[in-house]
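To start, the structure under review is shown below, and the notes come after it.
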Amino acid sequence: MSDSSESQRPRLPDKPALEGLETKWNDRWSAQGTYRFDRARTRDGVYAIDTPPPTVSGSLHIGHVFSFTHTDVVARFQRMRGKAVFYPMGWDDNGLPTERRVQNYYGVRCDPSLPYDASFQPPDKPAKPPLSVSRPNFIELCNRLTHEDEKVFEALWRYLGLSVDWSMTYATIGKRAQRASQTSFLRLLKRGIAYQLEAPTLWDIDFRTAVAQAELEDRELPGAYHRIAFARPDGPSTALGASGHVEIETTRPELIPACVALVAHPDDERYKPLFGTSVITPLFGVEVPVKAHSLADPAKGSGIAMICTFGDITDVTWWRELSLPVRAIVQPNGTLRPVTWGTPGWESRDAARAQAHYDQLANLSTARAQPRIVEMLKESGSLIGEPRPITHPVKFYEKGDRPLEIVTSRQWFLKTTDFREELLARGSELKWHPDYMRYRYENWVNGLAGDWCISRQRFFGVPFPLWYPLRADGSIDYDRPLFPDEAQLPIDPSTDTPAGYSPAQRGAPNGFIGDPDVMDTWATSSLTPQIAGGWLDDPDLFARVFPMDLRPQAHDIIRTWLFDTVLRAELAHQSLPWSHTAISGFVVDPDRKKMSKSKGNVVTPMALLEEHGSDGVRYWAARGGPGTDTTFDPGQMKVGRRLAMKLLNASRFALMADEPRGAITEPLDRGMLSSLATLVDEATSGLEEYDYTRALERTERFFWSFCDDYLELVKARRYGDFGMAGAASANSAMLVALSTLLRLFAPFLPFVTEEVWSWWQSGSVHQAAWPTASEVVQAIGGADPDAAAILAATSNALAEVRRVKSTLKKPTKSVITKAVLSKQVQGLEPAARDFQAATHIRELRFDAVEEPQLEFEEPAPQESRG
RNA sequence: GGGCGGUUAGCUCAGUGGUAGAGCACCGGCUUUACACGCCGGCUGUCGGGGGUUCGAUACCCUCACCGCCCACCA
């Protein structure tokens with residue numbers, strides 16, 4: 001705030017308005033580089049934000065507007081405090097959602113066996129049936145469509161007023177991201193932290209890909225308990241004698257052909273005699289052992305369970321720990337694979353009967369096989385009673401439509417469980433806002449069930465950067481992979497050729513073949529601090545921003561994005577990726593439901609911004625505190641807009657007569673500034689602690705009483721009714737207050753504050769220094785608590801008089817010839833002149849009265865009602 | 001089953017060991033030279049239930065209920 005800037009004559013509009021401010025100021029900020037990151041600054045002068053890259057395959061919704069506003073408030077506050085704010089935007093255009101959108105949008109499907117067609121152009125309308133295109137062509141379409149989406153997103157973010165440095169934008173499918181992701185992977189592979197394994201894996205049968213533990217969710221589905229008899233080998237072969245069979249209960253009878261054992265708890269007296277013996281599976285006549293394992297729950301079902309390869313995760317645990325054989329029947333597409341009974345691994349006491357039964361199930365989906373096998377079980381007498389319907393939680397891929405299966409396949413993993421202690425330590429080192437969100441992280445780390453499966457059998461993603469040699473017989477030698485040099489990265493092994501081979505050797509005996517998989521999208525987005533910060537490409541930048549200050553994100557992805565990012569930083573840098581994380585809540589509709597398209601309660605953000613103004617919408621968003629689910633409430637947006645409007649008009653009032661100026665001597669002026677200094681401290685400490693809601697609420701409350709009480713009380717004096725010195729005191733105080741309040745509101749209402757600032761200041765309010773209490777009280781030579789008390793007493797007295805006038809239905813302007821006020825508001829005497837002018841009181845006294853005693857001037861006799 | 005958060009005015013939400021708050025809504029009033037996208041005033045509560053600590057609890061402790069979310073090996 002230099003003297004030269006304040007000496008400008010204010011340029012005031014006759015009728016200030018909010019319309020058009022978004023476009024006007026975005027153009028200026030863009031042209032002037034207002035939010036450009038100053039990369040000359042060293043780490044301690046930088047505030048770095050690891051912005052969540054929105055998924056561009058969808059559309060931005062009100063929840064994005066909500067949480068990104070919170071981050072922007074913090075960014076603007078830190079910038080005004082003098083930090084160089086590193087605030088890039090990222091686009092998450094990598095992964096399944098994009099694939100799905102591209103398939104539908106263009107009517108194409110990826111066929112990795114096709115060669116690249118350089119002249120390919122997508123059809124104008126979605127093709128039916130879908131066109132098959134090569135993987136490189138498919139990826140081109142993904143890039144083309146996401147680029148369009150990104151332009152729309154950027155326009156919305158700018159309109160909302162995010163103070164992002166748009167020159168630093170990155171994409172999770174971009175070259176930088178691919179290079180970071182592939183480099184990190186190869187380094188982890190060398191250290192033995194990444195590894196490949198053929199093992200039972202959670203599998204989505206529609207997407208035909210492996211998925212990770214973190215991407216699971218439970219859904220309640222109807223099902224049924226089926227009570228099924230397994231015959232004892234020494235018992236009657238078909239009849240169900242009293243001790244001739246064992247009864248299990250299962251919700252998945254279609255997996256009986258995959259049964260490899262029964263299991264009960266080691267202490268379960270009912271089944272102890274059976275341990276070490278075997279039973280015969282119904283329909284298929286397979287002899288399977290009865291085993292003991294502590295995970296078996298005596299209280300569940302009949303207390304003894306069948307182990308199948310594989311019905312659920314527990315089956316996998318039992319299978320591994322009890323060293324059972326594999327008898328897998330579910331194929332990657334979710335159907336039962338044909339089996340020849342009587343061959344090795346499929347031995348049966350009656351192979352012909354087994355085959356006859358199984359032929360009725362082969363190639364059916366598990367869902368369709370179930371009723372079929374139930375009929376057969378009934379016919380054979382192995383089903384005891386009727387199935388008992390239940391609803392039970394079933395594991396789904398969070399983006400999937402059908403229950404997950406477990407399929408054995410070759411996958412890449414990152415070790416996680418080996419680092420549990422380190423990860424817990426990082427979690428407690430991290431500062432969480434709100435603090436209780438840390439429990440979700442700890443909960444997750446403590447519950448890690450296995451390492452992180454990072455490979456996906458998909459097309460649009462970062463490829464695994466390696467190849468495998470082919471043996472003379474054409475089989476793949478997985479044990480001797482071929483690696484590129486780090487300097488070559490990023491590569492695509494489906495088109496690039498490993499050193500020492502020619503392209504013609506791809507797929508040929510003694511040749512090579514690329515790893516077909518792509519990485520889980522989280523395996524790349526867990527490197528956003530490294531990607532955005534220039535880890536490999538720009539080490540100088542990286543040193544200035546990493547570890548970053550803030551990770552803002554929503555609570556539903558603590559187990560994925562937050563956890564994964566902490567893991568990757570621990571593995572690569574032995575540090576936290578950032579010192580703080582701010583967790584935002586969801587936007588819910590007034591019925592407490594999450595806003596969703598299917599409920600028809602979705603509103604497009606741009607329409608809201610246009611209706612209520614960006615400042616109005618930001619006000620609503622900023623009222624939702626960290627971690628708090630917040631109701632979608634257009635009413636609050638209207639309140640925000642009203643606040644912005646009030647800021648325009650109050651500012652106009654303060655600036656319309658800014659002369660004369662002089663010493664701030666009047667008690668009300670001094671009291672107002674004294675209180676303002678207290679407010680500055682409160683707002684500052686709120687924002688420092690990421691409690692932007694408190695800062696806004698306090699500032700807003702001060703501002704309204706500043707308008708309603710203070711400005712009304714000093715209006716007459718300010719207009720010169722009591723001479724030049726009194727007017728000068730008011731004017732000077734108002735200018736200090738206005739400058740301070742505009743800066744306090746600037747992070748929340750960037751458009752209206754910038755507009756008003758431009759009336760009388762040079763430069764951007766968003767580059768102005770954050771106010772300090774000492775700066776405010778400097779204008780009155782130090783804090784003046786006595787004056788603050790006088791202002792409080794005067795405001796209270798004003799309220800008393802207003803109440804009486806209102807009760808008596810007197811016009812506000814009506815003159816009071818004589819007023820007796822209660823002694824409780826007596827402290828106002830030093831401001832009596834201002835007070836009497838504002839209330840039109842001619843003669844003022846104080847006495848022990850409960851209610852103010854007011855005598856009104858007789859109305860003028862000519863008054864008439866017409 | 002484990003964990004976390006919530007329960008305050010009709011609605012949306014602040015809040016503090018010492019007389020219950022704001023905005024919206026509602027009702028009434030005011031052409032007042034910054035603002036009718038305004039101003040002034042009013043109405044509304046067993047602060048979820050029950051126990052405990054305390055001179056005093058909406059706040060602290062225990063417990064229960066309900067709502068929401070996270071996690072879990074759910075045969």
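Labels below follow one simple rule: chain letters A, B, ... track the order of the sequence lines, proteins then strands, and each chain is numbered from 1. Every value quoted in this text rests on a predicted model; they were computed, and no experiment measured them.
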Do A:Thr678 and A:Phe702 have side-chain heavy atoms sitting under 4.5 Å apart? no
Need one value for A:Met645: base, sugar-phosphate or nothing, where a base atom within 4.0 Å counts as base even if backbone is also close, heavy atoms only. base
Nearest-nucleotide wise, let me know which of A:Leu711 and A:Asp297 is further upstream toward the 5' end of RNA chain B. A:Leu711
Over-ring placement of A:Arg551 relative to A:Trp561, 6.0 Å and 45° cut-offs: yes
Is there a donor and acceptor pair closer than 3.5 Å between the side chain of A:Thr631 and the base of B:U12? no
Got a list of protein N/O to nucleotides 20-28 of chain B N/O distances below 3.5 Å?
{"unit_1": "B:G28", "atom_1": "O2'", "unit_2": "A:Lys809", "atom_2": "NZ", "d": "2.8"}
{"unit_1": "B:G28", "atom_1": "N2", "unit_2": "A:Ser806", "atom_2": "OG", "d": "3.3"}

Describe, in one word, how the ring planes of A:His70 and A:Phe66 are oriented to each other, choosing from parallel (under 30°), tilted (30 to 60°) and perpendicular (over 60°). perpendicular
Is there a salt bridge (charged side-chain N to carboxylate O under 4.0 Å, His left out) between A:Lys715 and A:Glu712 once you walk through the steps? CA-CA 5 Å; A:Lys715 198 176 266 185; A:Glu712 294 299 329; 3.4 Å; yes
If a pair means Watson-Crick or G-U wobble with both distances below 3.5 Å, what does RNA chain B look like in dot-bracket form, with | marking bases paired to a different strand? (((((((..((((....[..)))).(((((.......))))).....(((((..]....))))))))))))....
Should the ring pair A:Trp319 and A:Phe310 be called parallel, tilted or perpendicular, given that the plane angle runs from 0 to 90° and is split at 30 and 60? perpendicular
Winner on side-chain proximity to A:Thr628, out of B:C35, B:A14, B:G68, is B:A14
Once you apply a heavy-atom cut-off of 4.0 Å, does A:Lys715 come out as touching a base, just sugar-phosphate, or nothing? base
Out of B:A72, B:A75, B:C40, whichever nucleotide has its closest atom nearest the side chain of A:Trp444: B:A72
Between CZ of A:Phe702 and C1' of B:A14 the distance, given in whole Å, is 20 Å
To the nearest 0.5 Å, tell me how far A:Ile307 CD1 sits from A:Leu295 CG. 10.0 Å
Under 4.0 Å between a side-chain N or O of A:His392 and OP1 or OP2 of B:A75? yes
Give a yes/no verdict on a cation-pi contact between A:Arg718 and A:Phe653, requiring under 6.0 Å between NZ or CZ and the six-membered ring centre and an angle within 45° of the axis. yes
Between B:C55 and B:G41, how many Å separate the two C1' atoms, rounded to a whole number? 38 Å
For A:Glu442, which contact category applies under a 4.0 Å heavy-atom criterion: base, sugar-phosphate, or nothing? nothing
Rounded distance (Å) that lies between atom C1' of B:C13 and atom CZ of A:Phe632: 17 Å
Answer with base, sugar-phosphate or nothing: what part of the nucleic acid does A:Trp704 contact at a heavy-atom distance below 4.0 Å? sugar-phosphate
Whole-Å distance between B:U16 P and A:Glu697 CD? 11 Å
State which of B:A72, B:A75, B:C69 makes the closest approach to the side chain of A:Asp218. B:A72
By nearest nucleotide on RNA chain B, pick out whichever of A:Asp691 and A:Ser651 is the more 5' one. A:Asp691
Distance col, row A:Leu608:CG vs A:Met637:CE, nearest 0.5 angstrom, shows 5.0 Å
Rounded to whole Å, CZ of A:Arg652 lies from C1' of B:U33 at a distance of 10 Å
Among the nucleotides B:C37, B:G38, B:C30, whichever has the atom closest to the side chain of A:Lys646 is B:G38
Hey, can you tell me if A:Trp318 and A:His293 have their rings parallel, tilted or perpendicular (30° and 60° cut-offs)? perpendicular
Expressed in angstrom and rounded to an integer, what is the separation of A:Gln553 atom CD from B:C70 atom C1'? 14 Å
Name the closest nucleotide to the A:Leu295 side chain, picking from B:C39, B:C73, B:C37. B:C73
Close side-chain approach of A:Trp444 to A:Leu423, heavy-atom, < 4.5 Å: no
Classify A:Cys308 by what it touches in the nucleic acid, base, sugar-phosphate, or nothing, heavy-atom distance under 4.0 Å. nothing
Nearest whole angstrom, please: distance from the P of B:C70 to the CZ of A:Arg559. 8 Å
Report the nucleotide, chosen from B:A72, B:A14, B:G68, that has the shortest atom-to-atom distance to any side-chain atom of A:Asp629. B:G68
Over all strands shown, is A:Thr251 touching base, sugar-phosphate only, or nothing at heavy-atom distances under 4.0 angstrom? sugar-phosphate
Return the polar atom pairs (N/O with N/O) between nucleotides 2-8 of chain B and the protein under 3.5 Å, or none.
{"unit_1": "B:G2", "atom_1": "N2", "unit_2": "A:Asn443", "atom_2": "ND2", "d": "3.2"}

Using a 6.0 Å cut-off, check whether atom OH of A:Tyr439 has over 12 heavy atoms from anything other than its own residue. no
Which part of the nucleic acid does A:Ala654 contact within heavy-atom distance under 4.0 Å: base, sugar-phosphate only, or nothing? nothing
Approximate separation, where rounding is to 0.5 Å, of A:Thr565 OG1 and A:Ile558 CD1: 12.0 Å
On the nucleotide B:C71, are OP1 or OP2 found under 4.0 Å from the side-chain N or O atoms that A:Gln213 carries? no
Using whole Å, report how far CG of A:Leu647 lies from C1' of B:C35. 12 Å
Rounded to the nearest 0.5 angstrom, the CE-CG distance for A:Met437 and A:Leu430 is 13.0 Å
Output the distance between atom CG (A:Leu383) and atom CG (A:Leu283), rounded to the nearest 0.5 Å. 10.0 Å
